[in-house]
Every structure is written in structure tokens, then in C-alpha cells.
There are 2 protein chains.
Amino acid sequence: MWCHSCREEYEEEDAGTCKECYEEASETEEELKREIEDLKAKVAFLRLCSPVDPSPSSPTTTDVVLHAASPAGECTSVPPIPAHRAVLMSRSPVFKAMLENEMEESRSGMIKITDVTYNVLRSFVHYLYTAEVLLDEQMACDLLILAEKYQVKHLKAFCEKFMISKINNDNAIVSFAFAHRHNAQHLLEAALSLLLDNMSTLTAREEYKELVEKDPRLVVEIFEAYLRRQVNIALKD
Amino acid sequence: MWCHSCREEYEEEDAGTCKECYEEASETEEELKREIEDLKAKVAFLRLCSPVDPSPSSPTTTDVVLHAASPAGECTSVPPIPAHRAVLMSRSPVFKAMLENEMEESRSGMIKITDVTYNVLRSFVHYLYTAEVLLDEQMACDLLILAEKYQVKHLKAFCEKFMISKINNDNAIVSFAFAHRHNAQHLLEAALSLLLDNMSTLTAREEYKELVEKDPRLVVEIFEAYLRRQVNIALKD
């Protein structure tokens, strides 16, 4: 028999689908690809010009500025980041409440976010306009914290996914603690699962000892999860 | 043999794929579906609150208004439609040029679009914020014209797709002329193809006679395309 897909010959016991299902699957794939093209075009359409890189010729239409912290020990202040109230309010319920009500930020048109660096805040604002950001591990942490604070769920999920893709034995404890602190459930589960798979080396790790010092309740959580797993394995045997 | 997809028995001559290709195809389908979910979430994130239905409690952040024509014969003027310069400029190079330069519209913050009704302009603005609109045949025509005028390619393609899905023998001539006038290439091709499939009844149609009167060059185009097709068929025989 000849496979309609790879065109190779195969034996009866290696048969996959009948011809009808093969054709149906090909059609489905085509349809899904068309849907992806449509959605990509929609995303491109809905993206806004980011005010983070304003073209010098354009007049500014922004009506609010965001201020990050100055680098520690430096006197020079960082430049403000211009933005549109309408965009911030669309993307974040926290900005919405802040700018909708007669709060200081709304009156002055200035939002101070002093616990982040200029670069992080710049990437944050850029993401609110474009849903685009280039992540490394540090940027993913910093943006996840900001996204959690301002309830920008889409960005938080994006950072979490990136961090999950980077989890390994060396950063699992730190990631677990981070996920706990910032309410990142998927990252928490991924980190915990990796920790449980490597319990034999857990207690020898430096980060483990630090965590016992700093937040022993989290260590208890790891052991409780380990115990549950052991009991489950015992029950199955 | 048993099909892995529909679980039915089939004969050797009805074999579709080998097992390996079947499994690969299933994985691809899962991946494509995940990509679609991601893109849908991105679209939802990038959508803006439409200023067309402002919530009465929110303070307005709009900085420009659009005016449609008043209905013919009525003295009462229609309400202005508020919008954001930044959004209009992001979506349409025509609005961008208009608002970037020191044109009347930029100074006054008022854009008059007198050749459309209030409802069409409202849907147009709503689409610029949300990429969403409920079309019927009239709305698709009206919005395609506006999208062409303001170079909002995504909306134009959306209307064109809708109109192509509604093409039939009764509206093919009108659609062909409309597509010609508004530079809608895909609609033009779809309409022409349907006309060529039904040439025997073409000249008896009322719309045909009207087109000969109003724009005989378009009729010539139909006949030239018909001639090309006939020659091609003759060459193949």
C-alpha cells in the first residue's frame, strides 16, 4: 500500500487512516491554516502605533505620561514615557480605575511607577499597544510582576509561558518561590512538578537552604506535595 | 483494516495514510488549534473599547469627533461620533495624513464625512476599534466604499469576502460593476467568473441593458473575458 501523505510504501499493520478520513483531515488542516491567516491579519490590524518610539515628525496625541524610577545613585532622571489614557484603560482595569476616578494620576496626567526600571516600563507600555515584546529571563520576571500589579492578564500569561519554557533543575526552587509570590499558577505547577521529580537532590541545593531560611512554609508545601505523590503511588501499587 | 480516525473497517484500496503520517497529522492539528487559541486571545487583548457606546460613568478621553450627513430632508442633525486621533491614525493612512498635517480637520478636531449615513459611520468607527461588525449586503457595500476611501485594507477585505459569499446570478452584474468602481479585485473576479458561467442568459437581464446604457466599456470587458475563455477552450480541444 502507498501512503497518500508521505508517498512511501507500507505494510497492512502500519495502516493509519482510510482515504475518506485522510481527505477530511487535509481539508481541516487547510481550514485551520486559513483561520490562522485571518487571525494574524486581524492582530496586525488591531496593533496600535507604539508611542514608545514616536516618529519625530508626528504631532503627539498622547494625554498621559508614565514615570519609571531613576537608576539608583544617579541624579539624572529618566525620560517620561508618553501614552494614551484610552489605551491604558482598555488594557488594564487598574489603570481604568485610576484614570476614571478623580485620583491624583488622573488630574495630573502623570503616573509614577517607581518600582520598575525605565526599560521594563518602556517594554510594558510597548506591549499594551502592540502585544509584542522580546523577552529574556529577567524581562519576563519584571514584566510578569508589572502585569500582575496592573492586571494585564494577556501579558502575564505570555511571561508565564516563557518562564515555563525556561524551567530547569537549577532555577526550579527560585521559580517556585517567584510563582508563589506573584500568583502564577501554571509556573507554580511546572516548577513543583520538576522539584518532585528530583527530590533526591533537593535538600543539597543552596537555594533550598535559603528558602528554608526565608520562607519555610513554601518548603513545607513542597514536602506536602511530595507526600501526596508518594501516597498515591503506594495506593496504585 | 481499521481506520485510526473513524474506527471503521476499510479495504486495502481505500487506504489513506500510514500510521506515522496519521500521528503526525494529528499532532499538527493540535498545534494549529493551539495557535488559533493564542491568536484569538491576542485579538481579544488588542481590541479597544469602542467610543461608539461610551459608558455614561466614564470620563471621555476622545480628542476628535466625526460627523455624518443628516438624513435627506430632515433638519435635525445626527449626533457626532467621538474618537481618538491615535486610533484613527493607526488604522488609516488617510486619517494619518489628515491629522498629522495642519489641515482644517486637525485644527478643529472635527472630521466631516458627509457622503455616509450616521449608522454606517458608526459601524466604521466601531470597526476601527474592535475589528468587529455585523454585515448585511447594504452595510458591506457602504463600508467597503468607506474602507476604500480611507485605505482601511483589513475592513475592505472583510467586506469583499462577505460580498463574494453573497454573489448569485441575480446580483452578479451589479456586483461586477460595483467591484470595478471601487477597485475590489477579488469581488470582480468572482462576479466575472459567475457571469462567464451563465453567458447564455446574460443579455436578457435588465441589469445588463442598464449597464450597456451606463457603462458599455464594462460590458466590453465581460465579452473580452468570454472570448479569451472560448479561445482557451478551443486550444485545449
Handout entry: Intermediate values then yes/no, side-chain contact (heavy atoms from CB on, under 4.5 Å), A:Met1 and B:Met1
Key = CA-CA 12 Å; A:Met1 278 174 290; B:Met1 281 173 288; 3.7 Å; yes
Handout entry: chain A-proximal positions within residues 113-148 of chain B [heavy-atom distance under 4.5 Å]
Key = B:Tyr127, B:Leu128, B:Tyr129, B:Thr130, B:Ala131
Fill in the blank from the handout: Honestly, the part of B:Val152 sitting under 4.5 Å from a heavy atom of chain A is side chain
Fill in the blank from the handout: With chain A, the option among B:Ala15, B:Ser5, B:Cys21 that has the most non-hydrogen atom pairs under 4.5 Å is B:Ala15
Exercise for the section: Might you confirm whether atom CD of B:Glu221 has over 12 heavy atoms from other residues, nucleotides or ligands at distances under 6.0 Å? Expected result: yes
Handout entry: Trace of the salt bridge (charged side-chain N to carboxylate O under 4.0 Å, His left out) decision for A:Glu35 with B:Lys40
Key = CA-CA 10 Å; A:Glu35 195 176 344; B:Lys40 278 185 181 167; 3.8 Å; yes
Handout entry: Contact leader toward chain A among B:Arg85, B:Glu23, B:Lys42, where contacts are heavy-atom pairs under 4.5 Å
Key = B:Lys42
Practice task
Mark yes or no for whether A:Arg47, through its side chain, and B:Leu46, through its backbone, hold a donor-acceptor pair below 3.5 Å.
Solution key: no
Exercise for the section: Quick one: do B:Lys161 and A:Asp38 satisfy salt bridge (charged side-chain N to carboxylate O under 4.0 Å, His left out)? Show the steps, please. Expected result: CA-CA 11 Å; B:Lys161 221 174 193 174; A:Asp38 284 352; 3.0 Å; yes
Exercise for the section: Say whether, by atom type as modelled, one donor and one acceptor occur between the side chain of A:Ser90 and the main chain of B:Cys49 under 3.5 angstrom. Expected result: yes
Problem - Contact summary for B:Phe45 and A:His154, nearest pair of heavy atoms - result: CD1-CB, 3.5 Å
Exercise for the section: Could you tell me which of B:Ser26, B:Ala86, B:Ala44 has the largest number of non-hydrogen atom pairs under 4.5 Å with chain A? Expected result: B:Ala86
Practice task
Between chain B and each of A:Glu8, A:Glu12, A:Glu24, count heavy-atom pairs under 4.5 Å; write down the option with the most.
Solution key: A:Glu12
Exercise for the section: Tell me, yes or no, whether the heavy-atom count around B:Gln151 atom CD, taken from other residues, nucleotides or ligands under 6.0 Å, exceeds 12. Expected result: yes
Practice task
For the pair A:Arg91 and B:Leu48, evaluate side-chain contact (heavy atoms from CB on, under 4.5 Å) and give the outcome as yes or no after the intermediate values.
Solution key: CA-CA 8 Å; A:Arg91 306 291 191 244; B:Leu48 289 163; 3.6 Å; yes
Exercise for the section: With the side chain counted from C-beta on, respond yes when B:Thr61 and A:Met89 share a heavy-atom pair under 4.5 Å apart, and no when they do not. Expected result: yes
Problem - Proximal component of B:Glu13, with respect to chain A [non-hydrogen, under 4.5 Å] - result: backbone
Handout entry: Working for side-chain contact (heavy atoms from CB on, under 4.5 Å), residues A:Leu32 and B:Lys33
Key = CA-CA 7 Å; A:Leu32 292 174; B:Lys33 281 183 181 165; 4.2 Å; yes
Exercise for the section: For atom CD of A:Glu9, decide whether the heavy atoms of other residues, nucleotides or ligands shown that lie under 6.0 angstrom number more than 12. Expected result: yes
Problem - Other residues, nucleotides, ligands: >12 heavy atoms within 6.0 Å of B:Lys153 NZ - result: no
Exercise for the section: Taking A:Tyr10 for its side chain and B:Thr17 for its backbone only, find out whether a donor-acceptor pair lies under 3.5 Å. Expected result: yes
Practice task
For residues B:Cys6 and A:Cys18, determine if any side-chain heavy atom of one lies less than 4.5 Å from a side-chain heavy atom of the other.
Solution key: yes
Problem - Heavy atoms of other groups near A:Glu105 CD, more than 12 under 6.0 Å - result: yes
